[in-house]
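Remarks on the structure that follows.
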Amino acid sequence: MEASNIASKVKLTWKVDTFSGKILWPSDNYSRKQLRKVLGLTSSSTHARHIMPLAFKGTDLVQRAAKSSNAFLMNEFLNGFPLPSSSHLTGHSTYNNKIQSILTTNNVAISNMSPDQAFTFLNGLIVHIDDLLTANPSKIWKRYRI
């Protein structure tokens with residue numbers, strides 16, 4: 001499957017495992033490069049951060065949302081946030097732990113969601129986190145009440 005971002009002219013691709021039906025995303029290194037292109041980042045002083053981290057690409061929520069009629073993509077513009085390189089390399093585990101906490105808290109609801117409901121939930125979560133990151137750039141890795 002593929003999709004493209006008209007503004008950046010980046011083709012986003014993924015595969016579906018014919019046996020399991022799971023979405024198979026590109027490698028993490030390739031995904032990071034792809035997100036940089038989608039966000040239009042050219043300076044090495046700015047990194048591209050996946051709002052829904054790549055570590056969660058196999059989760060039930062992301063897999064369901066990817067199969068929705070809107071087809072959530074890990075490397076799409078919606079899921080990206082530019083960060084100064086000095087901020088990006090710290091705090092991954094704290095951030096990922098917070099995301100994991102949200103997914104764990106909502107696990108029962110997520111397991112009963114249709115793909116379109118999962119997309120709506122994930123989209124809302126990403127937009128909320130993006131708003132927090134935009135409003136609090138100096139506190140990016142602090143504990144948010146997401």
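Positions are given from 1 along the sequence.
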Measure the shortest side-chain to side-chain distance between N79 and L73 over non-hydrogen atoms and say whether it is less than 4.5 angstrom.
no
Measure the CZ-NZ distance between R32 and K37 for me, rounded to the nearest 0.5 Å.
15.0 Å
Distance from S114 atom OG to K67 atom NZ, nearest 0.5 Å?
13.0 Å
D116: partners by side-chain hydrogen bond (donor to acceptor under 3.5 Å, both in side chains), with sequence neighbours left out
S69
Going by heavy atoms in the side chains, are Q34 and P26 under 4.5 Å from each other?
yes
Are L125 and N106 side-chain neighbours, meaning at least one heavy-atom pair lies under 4.5 Å?
no
Closest non-hydrogen atom pair between G58 and Q63, with its separation
O-CG, 3.7 Å
Closest approach of G80 and I51, non-hydrogen atoms and distance?
O-CD1, 3.8 Å
Got K98 and T94 here, is their nearest side-chain heavy-atom distance under 4.5 Å?
no
Of the non-hydrogen atoms in L39 and P82, which two are nearest, and what is the gap between them?
CD1-N, 4.2 Å
Here's a test for you: under side chain to side chain donor-acceptor pair (under 3.5 Å), which of T104, N97, N96 qualifies with Q100?
T104
Would you compute the distance between atom NZ of K57 and atom CD1 of I23 and round it to the nearest 0.5 angstrom?
12.5 Å
In a check of side-chain contact (heavy atoms from CB on, under 4.5 Å) between H128 and each of D130, I126, D131, L132, which one passes?
L132
Hey, does T120 have a side-chain heavy atom less than 4.5 Å from the side chain of N70?
no
Shortest non-hydrogen contact between S111 and V108, atoms and distance:
OG-O, 2.7 Å
Say you draw a straight line from CE of M52 to OG1 of T59; how long is it, rounded to the nearest 0.5 Å?
6.0 Å
Could you state whether V127 and V38 fall into the same hydrophobic cluster, counting links through intermediate Ile, Leu, Val, Met, Phe, Trp or Tyr residues with side-chain heavy atoms under 4.5 angstrom apart?
yes
Check for me, please, whether V16 and L12 land in the same ILVMFWY cluster - side-chain distances under 4.5 Å, paths through other members count.
yes
Closest non-hydrogen contact found for L61 with A118 is CD1-O, 3.6 Å
Kindly write out the residues that satisfy side-chain hydrogen bond (donor to acceptor under 3.5 Å, both in side chains) with S27, not counting sequence neighbours, or none if the list is empty.
none
Please find the pair of heavy atoms, one from H50 and one from M74, that lie closest to each other, and give the distance.
CD2-O, 3.1 Å
What I'd like to find out is whether the side chain of I129 reaches to under 4.5 Å of the side chain of Y95, using heavy atoms alone.
yes
Ring geometry between W25 and W14 (parallel below 30°, tilted from 30 to 60°, perpendicular above 60°)
tilted
Just wondering, do N75 and L54 contact through their side chains at under 4.5 Å, heavy atoms?
yes
Suppose we screen for side-chain hydrogen bond (donor to acceptor under 3.5 Å, both in side chains). Which residues come up paired with R64, at least two apart in sequence or across chains?
D60
Less than 4.5 Å apart, any side-chain heavy atom of L35 and any of F81?
no
